[in-house]
Amino acid sequence: MDGHLCATMCRCQRSKNMFGKHIKPKIVIVGGGFAGLNAAQQLKSSRYDVSVIDPSPHIEWLPNIHEIISGEKKGDELRLSRNILVRRLGHRFLMNRAMEMTSSTVLLDNGMKVPFDVCIVATGSVNNTFGVEGADQFALPMKSVDQCQVIARKLHRASLSHRTTRVTVVGGGIEGVEAFGEVMRAYRNRPQFEFNVVESSDHLMPNAPGHLDGKIRSHTEGFRVNYHLGKKVESVDHEGICFMDGGAIESDITIWSTGAAPNSFLQRSYLTQDANEWASVNQYFQSEARENVFIIGDAASPEGRPLAKQAFHAIDMGKAAAQNVERLLANKALRQFQPSHKPQVVTFGDMDTFMLFRDFAVSSSVLGAAKEAVYTLGLLQMAPPKTAKDLVHSLDLLQRSARRVYLPTLNPLNLINKLPKSKVFS
Ligand SMILES: Cc1cc2nc3c(=O)[nH]c(=O)nc-3n(C[C@H](O)[C@H](O)[C@H](O)COP(=O)(O)OP(=O)(O)OC[C@H]3O[C@@H](n4cnc5c(N)ncnc54)[C@H](O)[C@@H]3O)c2cc1C
């Protein structure tokens, strides 16, 4: 650790105010998503003065937001109040956007400056349209509950009309396939709908193990679905999509899911040089630009060990970074992060579910209950019931999941029907 920083940290531990009381070190967390809130949970309010900054009032359970598209889940089932969660931890919640930071303060959108001894940056990612002309204006992103509700409303409105509606999902990666599955869940039997899936690779889910392309496509045989694989989008407008090879398709509702880009806060704060760059961090999550700044979750690019931008990594990073912040403030050696390898569950509407391991995948519709279990347990872990009212809310959540997913999926007759269809893909 650098001598100046070490001195600052030691001073933080020893400082007393004019009444002789110890002043707690100030920790600011920018971004209260999976990574930021898990870091906040780790830090004790009795020892640290913690502020969590986020412009949005709710944390959203992003791994299930595609289910809003079909109406399978409602927005309120996927949101928790940040203010309640943060205040329960004894910390301060500032519902603001952080504009930029120096090595000791974060500047907010209301002009306020929030001083810190150590800052944890967890600003996640934003929708990436790769500069495709018209994509920001005419295509619908699906990175938040609000955005998925917009898509759901447009699809629902179209279903009330007899006019043909062409729905296109751009991006055949995991999120695109999950979104398309939800569109098919709700509308595949409606005769006025036609469906397109566009992917620049020549197969769906190109970064997933198990070559699942054929399996996914087999579920949509017999429906009005066209796959445009190996196609790069050149432009989007209100009539449809033009491809770089000169082809074009008509599209009335275009859903955009081609990946993530870094949040501009990183570049504005000189934590990266380039707008498309993720923030480089060392093995302890310290920014390469500033030692008292830790960067975690989707925003971080850990040295020599790229990690998939996944919620479970963000959660583990949040906990590990908070422990390192405590160690830094206590002048102890920092600990290296060991990522865990958890399988990822990917749903394809009500037609199939895949569990992705490192080198292979398992497919079975009974796995749908696993995704629901991750969701219900995840929400309960994030907001464990503290009052009778909370408990009623939690039981309601479990009951809704049980009614909708667990019981139909785990019904013994269904199991007998579905088990022979389970398959391993390597
Ligand atoms: C549709 C979809 C499906 C997904 N499915 C899965 C899945 O099945 N499994 C899985 O593991 N992962 C999944 N992910 C990925 C997962 O959600 C992310 O990896 C995870 O949310 C990253 O956590 P994070 O804390 O880094 O960022 P986020 O959870 O995105 O949180 C970032 C927070 O920072 C805040 N913020 C941004 N800018 C500022 C600023 N300037 N000032 C203050 N606050 C700011 C934002 O408001 C946000 O609350 C999915 C993501 C999406 C979008």
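Quick note: numbers below take in every heavy atom, side chains included, and nothing from hydrogens, waters or symmetry partners. Start at 1 and go down the list; that is how both ligands and their atoms are numbered. Note that the structure is predicted; figures quoted are calculated from it, not measured.
- Environment of CD in Glu277: crowded, with over 12 heavy atoms of neighbouring residues, nucleotides or ligands closer than 6.0 Å.
- With atom 7 (C) of ligand 1 as the reference point, the heavy atom nearest to it among Gly124, Ser264, Pro63, Ala260 is part of Pro63.
- Heavy atoms from other residues, nucleotides or ligands lying under 6.0 Å from NZ of Lys342 number more than 12.
- With sequence neighbours excluded, the residues that form a salt bridge (charged side-chain N to carboxylate O under 4.0 Å, His left out) with Asp54 are Arg82.
- For ligand 1, the polar-atom distance check finds no N/O of Lys143 at less than 3.5 Å from any of the ligand's N/O atoms.
- Nearest non-hydrogen protein atom to atom 39 (C) of ligand 1 is Thr123 CG2, 3.7 Å.
- Near Gln344, meaning under 4.0 Å from one of its heavy atoms, ligand 1 places the atoms 7 (C), 8 (O), 9 (N).
- The distance criterion of under 3.5 Å between nitrogen or oxygen atoms is not met by Leu62 with respect to ligand 1.
- Those atoms of ligand 1 with a heavy atom of Ala122 less than 4.0 angstrom away are 32 (C), 33 (C), 34 (O).
- The environment of CG in Leu107 is crowded: more than 12 heavy-atom neighbours from other residues, nucleotides or ligands sit within 6.0 Å.
- Distances between N or O atoms of Arg82 and those of ligand 1 include at least one value under 3.5 Å.
- Each of Ile241, Leu140, Ile255 was scored for a side chain to side chain contact (heavy atoms under 4.5 Å, CB included) with Val170, with one residue passing: Ile241.
- Within the 4.0 Å heavy-atom criterion, both parts of Asp298, backbone and side chain, lie near ligand 1.
- Taking a cutoff of 4.0 Å between a charged side-chain nitrogen and a carboxylate oxygen, Lys26 and Asp117 do not qualify as a salt bridge.
- Among protein heavy atoms, atom 38 (N) of ligand 1 sits closest to Asn263 ND2, 2.9 Å.
- Of all protein heavy atoms, the one lying nearest to atom 15 (C) of ligand 1 is Lys309 O, 3.7 Å.
- Where the criterion is an N or O separation shorter than 3.5 Å, residue side chain and backbone included, Pro55 fails it with respect to ligand 1.
- Counting atoms of ligand 1 from 1 in the listed order, those under 4.0 Å from a heavy atom of Gly297 are 26 (O).
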Step-by-step side-chain hydrogen bond (donor to acceptor under 3.5 Å, both in side chains) determination, Thr258 to Trp256: CA-CA 6 Å; Thr258 59; Trp256 195 270; 2.8 Å; yes
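- Geometrically, ligand 1 and Val30 share no nitrogen or oxygen pair separated by less than 3.5 Å.
- Geometrically, ligand 1 and Met142 share no nitrogen or oxygen pair separated by less than 3.5 Å.
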Scan the side chains in residues 127-134 for donor-acceptor partners under 3.5 Å anywhere in the protein, sequence neighbours excluded, and list what turns up.
residue	atom	partner	partner atom	Å
Asn128	OD1	Phe130	N	3.0
Asn128	ND2	Ala260	O	3.3
Thr129	OG1	Asp136	OD1	3.3

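- Of the options Arg97, Met99, His313, Gln310, the smallest heavy-atom separation from atom 11 (O) of ligand 1 is shown by Gln310.
- Residue Glu178 has no nitrogen or oxygen atom sitting less than 3.5 Å from a nitrogen or oxygen atom of ligand 1, judged on distance alone.
- Here's the thing with Ser125: none of its N/O atoms is less than 3.5 angstrom from an N/O atom of ligand 1.
- Note: no N/O pair closer than 3.5 Å links Glu175 and ligand 1 by distance alone.
- At a heavy-atom cutoff of 4.0 Å, ligand 1 is contacted by no atom of Lys342, backbone or side chain.
- The shortest N/O to N/O separation between Asp54 and ligand 1 falls below 3.5 Å.
- For the residue pair Asn196/Ser251, the side-chain donor-acceptor check at 3.5 Å is not satisfied.
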